[in-house]
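Numbering starts at 1 and runs along the sequence shown. Side chains included, hydrogens not; waters and symmetry mates left out as well; all remaining heavy atoms used.
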Amino acid sequence: MNILVFPGNPTNGRRSNHLFKLCDLGAGKAFDDKNETTPNEMYSIVGTKNMLLPNMANDLRRKKTWRTTIGYTGDECDLWCLGLTLYHCSTGRFSITSDNSDDEVYCSGTTKVKQDMDAIATKFKGKYYDQMSGGIKYDHEIITELPTSSSNRLPKWLTYTITCLIRLFIHNPSIDKYATISNYLKTAPRKKLLSIDKLSIIEQCDMSKCPFIGFNFPTISECLGYSNNVTLSMISLTSIRYTEPKQKDFKNLEKDNDVYLVIPQCEETQLRSIGHQKLEYVENSTIPEAKLFETRRQKIMDGLSFLRDAEEIAELFEKISQILTTQFSLIMEELQNDERIQIASRYAVYLETALIPVAIFSQNSPEKQEHFQKCVQKAGESRKELDNHSKTSQDFIKSAKDWRDISRKLKLQEFDTPGIKEEFSEFFVFDKNHILETQEYSQTLVGLCLEKRSHLLRQLYEEQELDEILKVKLNKIELSMQTAQYLLKLRNDHLRLQQFIEECTDFLEIPHQEMKKITNKEISNMGIDRTAIRRSIRYQSPKYQEAQKKIKPAAVRIQELSKILESACKEELEKKSEDTIIQQPTIEPASEPENQEGPSENTIDDPTTPVPMENPSFFTALIHKLSRSTSEI
């Protein structure tokens, strides 16, 4: 059986960017699942020599025959080979060492693995002469956990899951168990966790509830390289959550948010070290082909590792900048739109004013007078505290704006190398002549990948001075941690401010209800009009008092103008009455001309007829003066 790898896209629940196909099943055999009484066993020795089942390898070594003495099932054979293949894909080496000149090396290795139920592989240490038995012994070191290297940094959860799968395939092969784990792996919730101090993006999958795996599944803290007793702050674009120590699942994280910036709540964190690496690859015609092939493979793997590190670091700080900028903007928006401070402050002022009826009713009662003084004191204290917190809220807004500007500067400038990853595929070859011909160009490609990573690392470790806020020099890693820590502090301070305002409002409600109770009781006993009380409360309000101060000068001016107008009108009327002549009526002839037009010269003036004003200029000037004074008011 061979495994072919093709490039592909994640579709239909498949997350891998590659497509895997099994082929060359010439030795495959169909068996009947319905016949449960007769096991579907096989006896032929088929397969790759360094991946044979233990009983196949032993029979082949002892009897040199192509049939086994003990039958085996298809599940047992396939899952054994799948476990060894999985180990090879994860580490780059075979799980059990084999030697074409000595079959005992592989056979003893398989025996050693089967003896330890936790073993997933062995490392051949050598052979020695045993004086007790008088024979040659083979020394193998047991491996119980999937090893990782700098060129193949697998997440801890994936390392643990693969280890469990290999252990299952070797010691307890079962297609049903494998199908259960595989289906759970497809549907398990996933989160992308950003770690500043580890300089990495971890694709975390929650397998803690998976059968056959979840019992000893590592905690989220362990998966990120921290101890079990560390609490983690999880910051997304829209929320901030906290994980408990020894928490394994994503129970308190939002389903809609898949990316979280992780900040450990511990005093010290160990930064991931990325050392300087020299490009020393010897490729010439004097080197044996096997060593030449290994050198080329290592060169290509190093180049891809440099490229992957650079892409991961650039994406990491781009997402960190995006999350922190968004969070500070949210805090600013919440503080600017939060009306609870103003509402509570106005409520405190109202309470101080509304206590006037209590003061009126409590003049003859020392007990009520004392209660009144307490209410006034509580309202005044709350108002002062609320005013102070309003100023604090404005300070929070200013700080959030400053740190938001810093967050935007956390992005890194990338070193552009278009198409270099595709270029590498042409030089991953096992032809000696081709390797020698492309030695210099492949070296140049690896150098570009290393320079791209170095360019980003220089930006990370270059110190920046921020006099206006921190007044210290920090590199971008330290600055990112400081910014995230300040975000958490600002968010906690904001929550405490909101809690205090709610407590202040509840604190004000108590004297308000007591005031209402006393006032209503006294009003009921004394028969006082509620409208008059409301009017008195309004008259004593600060706004009303301030308006009265503005209106008073205008009212005095209006009174003066009113007196002037009254006096002027009186004088004009007296003068007119002296000049007016009232004529007596006369008897006209019985017949009048039919076509006489207009009134007769001898007609009597009607005393009710308005007398025309002979001197309108005085009143016109007076009206203009009154209008001007009114506009001034």
Taking atom types as modelled and ignoring hydrogens, do the side chains of E312 and S200 form a donor-acceptor contact shorter than 3.5 angstrom?
no
Give a yes or no on whether a salt bridge exists between R241 and E254, defined as a side-chain N under 4.0 angstrom from a carboxylate O.
yes
Donor-acceptor contacts under 3.5 Å from residues 444-458 side chains, at least two apart:
unit_1	atom_1	unit_2	atom_2	d
T444	OG1	E440	O	3.0
E451	OE2	R458	NH2	2.9
K452	NZ	T417	OG1	3.4
R453	NH1	D309	OD2	3.3
S454	OG	L450	O	2.9
H455	NE2	Q413	O	3.1
H455	NE2	Q459	NE2	3.1

Electrostatic pair R296-E289, nearest N-O below 4.0 angstrom
no
Once the angle between the rings of Y138 and F124 is folded into 0 to 90°, is it parallel (under 30°), tilted (30 to 60°) or perpendicular (over 60°)?
tilted
Show the numbers, then the answer: is there a side-chain hydrogen bond (donor to acceptor under 3.5 Å, both in side chains) between N252 and E244?
CA-CA 10 Å; N252 56 340; E244 301 174 357; over 6 Å; no
Testing the basics here: between L232 and P264, what is the closest heavy-atom pair and its distance to 0.1 Å?
CD2-CA, 3.9 Å
Could K411 and E318 be called an ion pair, given the rule that one side-chain N must be under 4.0 Å from one carboxylate O?
no
With a cut-off of 6.0 Å (strictly less than), are more than 12 heavy atoms of other residues, nucleotides or ligands near CD1 of I70?
no
So for atom CZ, which belongs to F215, do other residues, nucleotides or ligands contribute more than 12 heavy atoms lying within a distance under 6.0 Å?
no
Contact between I220 and F250 at the side-chain level, heavy atoms closer than 4.5 Å - yes or no?
yes
Any idea which heavy atoms bring L52 and Y106 closest together, and the distance?
O-OH, 2.6 Å
For a quick check under 3.5 Å, do E437 and N433 share a side-chain donor-acceptor pair by atom type?
no
Verify whether one side chain among N50 and T48 offers a donor that lies under 3.5 Å from an acceptor in the other.
no
Taking atom NZ as the centre, does K49 end up with more than 12 heavy-atom neighbours from other residues, nucleotides or ligands that are less than 6.0 angstrom away?
yes
Heavy atoms, side chains only, cut-off 4.5 Å: are I477 and D197 in contact?
no
Atom CZ in R190, atom CE in M207: separation rounded to 0.5 Å?
8.5 Å
Lys/Arg N to Asp/Glu carboxylate O, K191 vs D206, below 4.0 Å:
no
Candidate pair K476 and M481, rule side-chain contact (heavy atoms from CB on, under 4.5 Å), full reasoning:
CA-CA 8 Å; K476 281 205 172 178; M481 292 293 292; over 6 Å; no
Could you go through the side-chain hydrogen bond (donor to acceptor under 3.5 Å, both in side chains) check for S233 and Q265 one step at a time?
CA-CA 7 Å; S233 301; Q265 299 301 311; 2.6 Å; yes
Contacts of R491 meeting side-chain hydrogen bond (donor to acceptor under 3.5 Å, both in side chains) (sequence neighbours excluded), chain-then-number -> E334
Is there a side-chain contact between I181 and C210, using heavy atoms and a 4.5 Å cut-off?
yes
Apply side-chain contact (heavy atoms from CB on, under 4.5 Å) to the pair K198 and L224, showing each step before the final yes or no.
CA-CA 8 Å; K198 306 301 179 184; L224 293 169; 5.7 Å; no
Flag for E222-N228: side-chain donor and acceptor within less than 3.5 Å:
yes
Are side-chain heavy atoms of V282 and T295 found at a separation under 4.5 Å?
no
Do we see a donor-acceptor contact under 3.5 Å between the side chains of T238 and N257?
yes
Heavy atoms from other residues, nucleotides or ligands near CG of N100 exceed 12 (cutoff 6.0 Å)
no
Would K299 and E283 pass as an ion pair if we require N to O under 4.0 Å?
yes
Check K156 against C223 and note the closest heavy-atom contact, atom names and distance.
CB-CA, 3.8 Å
Would you kindly say whether S236 and S239 are connected by a side-chain donor-acceptor distance under 3.5 Å?
yes
Side chains of S227 and N229: is there a donor and an acceptor less than 3.5 Å apart?
yes
I'd like to check T187 versus N183 (side-chain heavy atoms, cut-off strictly below 4.5 Å). Are they in contact?
no
Non-hydrogen side-chain atoms of I136 and E104 separated by less than 4.5 Å
no
side-chain contact (heavy atoms from CB on, under 4.5 Å) for E141 and T122? Distances and angles first, verdict last.
CA-CA 5 Å; E141 178 185 350; T122 61; over 6 Å; no
Work out which heavy atom in I143 is nearest to a heavy atom in E145; give both atom names and the distance.
CG2-O, 3.3 Å
Where S108 and H140 come nearest, the two heavy atoms and their spacing
OG-NE2, 2.7 Å
Pair T68, D59: side-chain N/O donor-acceptor within cut-off below 3.5 Å:
no
K114 NZ: over 12 foreign heavy atoms closer than 6.0 Å
yes
Evaluate the side-chain contact (heavy atoms from CB on, under 4.5 Å) criterion for residues L460 and I313: first the C-alpha distance (whole Å), next the side-chain angles of each, then the deciding distance (0.1 Å), finally the verdict.
CA-CA 9 Å; L460 289 181; I313 291 172; 3.7 Å; yes
Should D75 and T73 be marked as a side-chain hydrogen bond (donor to acceptor under 3.5 Å, both in side chains) after you check the CA-CA gap, both sets of side-chain angles, and the distance that decides it?
CA-CA 5 Å; D75 291 0; T73 63; 5.6 Å; no
Counting C-beta onward and ignoring hydrogens, is there a side-chain heavy-atom pair between F293 and Q298 closer than 4.5 Å?
no
Under a 3.5 Å threshold, yes or no: a donor from one side chain and an acceptor from the other, between H88 and S95?
no
Contact between T91 and L146 at the side-chain level, heavy atoms closer than 4.5 Å - yes or no?
yes
Looking only at side-chain N and O atoms, does S101 offer a donor or acceptor that is under 3.5 Å from a partner on D99?
yes
If the test is ring-ring contact (aromatic ring centres under 6.0 Å, His included), which one of Y87, W80, Y178 qualifies with F169?
Y178
So, for T144 and R167, which heavy atoms are closest and what is the spacing to 0.1 Å?
O-NH2, 2.9 Å
So does R297 pair up with E294, basic N to acidic O under 4.0 Å?
yes
Testing L60, N58, L53 for side-chain contact (heavy atoms from CB on, under 4.5 Å) with M56, which one passes?
L53
Does a donor on one side chain and an acceptor on the other come within less than 3.5 Å for Y281 and D302?
yes
